[in-house]
Amino acid sequence: MRGFLAGFGLELRIVRAAPDALMPLLTAPLFALVFLAIVRQSGRADLEADALLAPVLMTLWWVALQHAGHLITGDRWQALLEPVIATPTSLATILLGRIAALMGLGLLSFGEVLIVGKLVFGVGVPFEHPVEMALTLLATAFATAGTAIAFAAVFVMTRNAYTFTNSLSFPLYLLGGVFVPVAFLPGWIQPVSSGVFMSWSADLLRATVKRDGIGDFWSRLAMIVALGAASFLLGRLILFHVLARMRAKGELATV
Amino acid sequence: MTRVAVTLNVMRNAFRAGLADYRAIFTWKSWLAGWYLRVIAQVAFFALIGERLEDDEKTMYLLVGNSIMIAAVVGVFSLNMTTSERGAGTLPLLVASPSSPVVVFSARGAYLAVDGALSALAALAVAGPMFGVSLPWPDVLAVVPLTGLVAVASYCFGTFLAGLVFRFRSVNNLVVVTTHVSLMAACGVNVPLSFYPEPLEWLSRLLPLTNGLLGIRGVFGGADPTTILGDAALEAAVAVAWMTVALATFNRLAARGRRDGSLEFAS
Amino acid sequence: MPDAVEVEDVTRVFEPRKKKDERVVALDEVSLTIPEGEIHGLLGPNGAGKTTLVKILSTVLLPTSGRARVCGHDVVEETKAVRPLIGIVFGGERGLYWRLTGRQNLEYWGALYRLPPAAVRERTRTLLERVGLADRADQRVEQYSRGMKQRLHLARGLIGDAKVLFLDEPTTGMDPIAGREFRTLIGELKGEGRTILLATHDMVEAETVCDRVTLIDRGKIIATESPRSLGHVISRFQRVDVEGAPEPVLGRIAALEGVSAVTRTEDGGARIEVSEEGATAEVLRRLVDAGVTSVRTSLPSLEEVYVQLIGERGLEV
């Protein structure tokens with residue numbers, strides 16, 4: 001727990017000193033405006049809430065991919081990975097703390113889109129099922145964090161990971177159905193998409209702002225958590241092997 | 001050599017240097033898998049919104065707008081160039097050389113305009129048929145130079161921004177991404193200009209992308225050639241205007257840097 | 001009680017990453033024992049294998065063969081037991097979070113060494129004072145000078161209250177005064193009963209603070225001695241640089257016992273190399289008698305001593 005908190009505090013302090021990680025908090029309101037403009041111009045008031053929720057999910061994805069995914073690589077380049085490994089605290093625990101801080105910051109985008117929607121278009125998110133909504137957001141943040149650990153473990157072994165992750169954002173928004181439900185994607189992609197926790201998150205989140213009851217809420221929530229936990233375990237496994245390999249080859253530090 | 005020949009020679013060499021940098025990042029395989037995949041995904045992401053709205057016309061609108069948006073996205077990457085030049089410590093060397101840094105920069109980054117235009121057109125060519133949007137032949141050929149203009153104008157705008165944030169290297173990436181989404185919101189990419197309040201409409205006419213995109217939509221809508229030419233002329237004027245401001249900014253930066261020593265050899 | 005550090009026949013080979021690169025044997029069957037409470041110097045030129053050994057002992061690198069233990073715990077298998085016992089200071093400016101203040105850096109590492117929050121705060125405060133950074137504690141590390149970063153590194157290595165400290169070139173970039181303070185600090189740490197392995201290429205540093213020194217070169221241990229006998233070894237190989245000495249005088253000096261070489265330098269001066277104790281005094285007397293006063297004596301570089309030592313013992317270079 002101490003390692004988790006240390007990581008959490010570290011990341012908050014780093015972000016405070018260098019707010020690059022907050023980039024999606026600048027773009028989230030802009031994306032909200034773009035999406036709202038599209039549905040408003042088409043006269044589809046029923047989709048306005050969806051237009052506001054999409055940027056929140058995009059923000060979480062972005063943070064996982066562009067920031068959390070590079071935490072290990074960044075430490076390695078700064079010659080921090082070796083001293084971290086040499087402490088009695090496990091790297092995965094510290095990482096989880098750091099990523100949790102990032103996810104917490106990412107969730108601030110929810111407040112932003114609420115404000116922008118109200119100020120510019122006079123639109124809000126109808127809180128039809130507030131408890132379910134909060135749970136869905138939390139489960140989504142958890143699952144995103146789990147996925148981010150897997151990203152971080154893979155990226156540290158990948159050359160040019162930065163170029164690569166820049167290109168992954170929109171493909172993942174698409175597969176995750178953050179705005180347009182996966183049902184609108186071509187049939188052959190849909191099986192892939194249903195393995196992506198974000199598609200479950202997006203569908204469930206959209207259901208929580210509709211007046212109708214939410215079908216199978218708990219099992220759908222469990223699916224998000226399960227997919228997130230699977231990513232987390234997979235991430236830990238990859239991390240374990242990657243670190244063992246680097247320790248054997250002497251690659252924990254860059255020259 | 002004449003002055004023009006000298007300048008052309010400088011530009012040719014700078015272009016080659018830029019291309020070499022670019023090749024170091026991308027091979028054609030990684031371009032397809034890394035970059036083009038994202039381009040198609042981005043265009044498809046927005047076109048699908050049209051499908052969700054069950055409005056074919058809107059799908060077409062979003063598809064064209066977001067394809068051409070790609071040219072602007074790449075053009076604006078010129079923002080990164082001065083910073084990387086600064087990081088490499090080559091900037092003062094450039095200032096000290098007998099060539100104008102702006103000439104060097106613009107030639108060095110010209111590959112961005114080429115890449116932007118090609119990416120946008122490739123997006124249109126592939127995503128169009130995917131969403132059942134027909135591209136009227138041979139009118140569609142007129143889209144090629146217009147897209148090139150959009151890429152160049154965005155490139156000039158990015159260079160201007162580079163001068164603006166020159167002293168704050170850490171915000172560079174922030175500015176690039178915010179500019180992308182702002183252009184997406186303000187330039188008639190996703191909704192017609194008439195949707196905005198009137199002052200905003202005028203403002204967006206001053207930005208790159210807006211006029212060129214109008215011209216391209218004109219081509220698809222079978223508009224009068226003079227209207228299209230007018231849009232093209234406006235896009236070109238916007239490009240020239242931003243490049244002029246960029247030039248002035250950089251000259252001031254260089255002058256100030258020589259005075260206060262802020263042109264470090266390494267930073 | 002087990003020794004603080006035991007190294008048995010440790011070999012570490014770096015396989016080439018690219019085909020054209022060569023296979024590097026960074027450590028070649030190195031054995032070394034450091035009893036508890038000793039300050040042990042690991043002295044050698046760059047590339048000798050010092051850092052490799054420190055990395056293996058601090059659990060971040062695996063040996064290719066051989067065994068190493070810290071306080072009786074194997075560094076390969078029992079990392080969980082080793083890590084709480086050790087503190088590491090790698091040289092250089094990297095290895096700190098630049099965007100954080102000195103205090104925030106130490107607090108973070110303190111937590112990773114599982115200290116309770118109150119203890120972290122207290123230790124951070126005392127350590128910052130101890131390394132002379134108390135005034136600058138709340139400034140970001142990116143504003144620190146090289147020497148200040150180096151001192152923060154040292155504090156970082158001490159935050160976990162380690163029994164065994166591995167210091168790899170800890171004074172790189174420190175100014176002479178800070179270097180002296182560092183040596184005082186090492187003395188204090190010894191007084192607290194800690195064991196220290198100090199890797200350095202600075203002979204004076206090794207000589208002044210270490211109980212014993214191991215000379216290492218090209219992955220092999222050449223000798224383990226007390227600094228006094230090492231100092232003996234080194235001062236035996238003194239050299240004398242002179243200007244304007246007449247040729248006949250130099251000729252007579254060259255014939256003296258204990259003078260191993262006299263060479264002309266490019267600027268018209270000469271260098272006299274001495275290989276026996278006491279010979280220097282005789283050389284100096286002869287020079288002064290001949291009216292030569294532009295004389296400078298100096299110690300050879302570490303590498304030169306190696307060559308001498310290795311040559312004497314008939315080892316393969």
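Note that this is a predicted model, so its numbers are computed, not measured. Proteins come first, then strands; the chains are lettered A, B, ... in the order of their sequence lines, and each starts at number 1.
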Peer 1: Among A/Ala244, A/Ala6, A/Pro83, which residue forms the greatest number of heavy-atom pairs with chain C at distances under 4.5 Å?
Peer 2: A/Pro83

Peer 1: Can you pull out the residues in residues 110-134 of chain C with any heavy atom less than 4.5 Å from chain A?
Peer 2: C/Ala111, C/Leu112, C/Tyr113, C/Arg114, C/Leu115, C/Pro116, C/Pro117

Peer 1: How many angstroms lie between CZ in C/Arg99 and CZ in A/Arg13, if you round to the nearest 0.5 Å?
Peer 2: 16.0 Å

Peer 1: Can you tell me if C/Glu192 has over 12 outside heavy atoms packed within less than 6.0 Å of its CD?
Peer 2: yes

Peer 1: Under the rule for ring-ring contact (aromatic ring centres under 6.0 Å, His included), what residues qualify as partners of C/Tyr97, not counting sequence neighbours?
Peer 2: C/Tyr108

Peer 1: Anything in residues 135-168 of chain C with a heavy-atom distance to chain A below 4.5 Å? Please list those residues in order.
Peer 2: C/Arg140, C/Arg156

Peer 1: Using every non-hydrogen atom in the two residues, find where C/Arg94 and A/Ala79 come nearest and quote the distance to one decimal.
Peer 2: CB-CB, 3.6 Å

Peer 1: Side chain, backbone, both or neither: which part of A/Leu252 has an atom under 4.5 Å from a heavy atom of chain C?
Peer 2: side chain

Peer 1: As an exercise: rank A/Asp75, A/Thr93, A/Leu81 by heavy-atom pairs under 4.5 Å with chain C and give me the winner.
Peer 2: A/Asp75

Peer 1: Can you establish whether the number of heavy atoms outside A/Trp200 located under 6.0 Å from its atom CH2 is more than 12?
Peer 2: no

Peer 1: Can you tell me which of A/Arg16, A/Met246, A/Glu251 forms the most heavy-atom pairs within a distance under 4.5 Å of chain C?
Peer 2: A/Glu251

Peer 1: Can you list the residues of residues 49-64 of chain C that sit under 4.5 Å from chain A, counting heavy atoms only?
Peer 2: C/Lys55, C/Ser58, C/Thr59, C/Val60, C/Leu61, C/Leu62

Peer 1: Find the one option among C/Ile88, C/Val82, C/Leu96, C/Thr101 whose heavy-atom pairs under 4.5 Å with chain A are most numerous.
Peer 2: C/Leu96

Peer 1: How long is the straight-line distance from CH2 of C/Trp109 back to CG of A/Leu10, given to the nearest 0.5 Å?
Peer 2: 9.0 Å

Peer 1: Measure distances from A/Ile85 to the heavy atoms of chain C and classify the residue's part below 4.5 Å as side chain, backbone, both or neither.
Peer 2: both

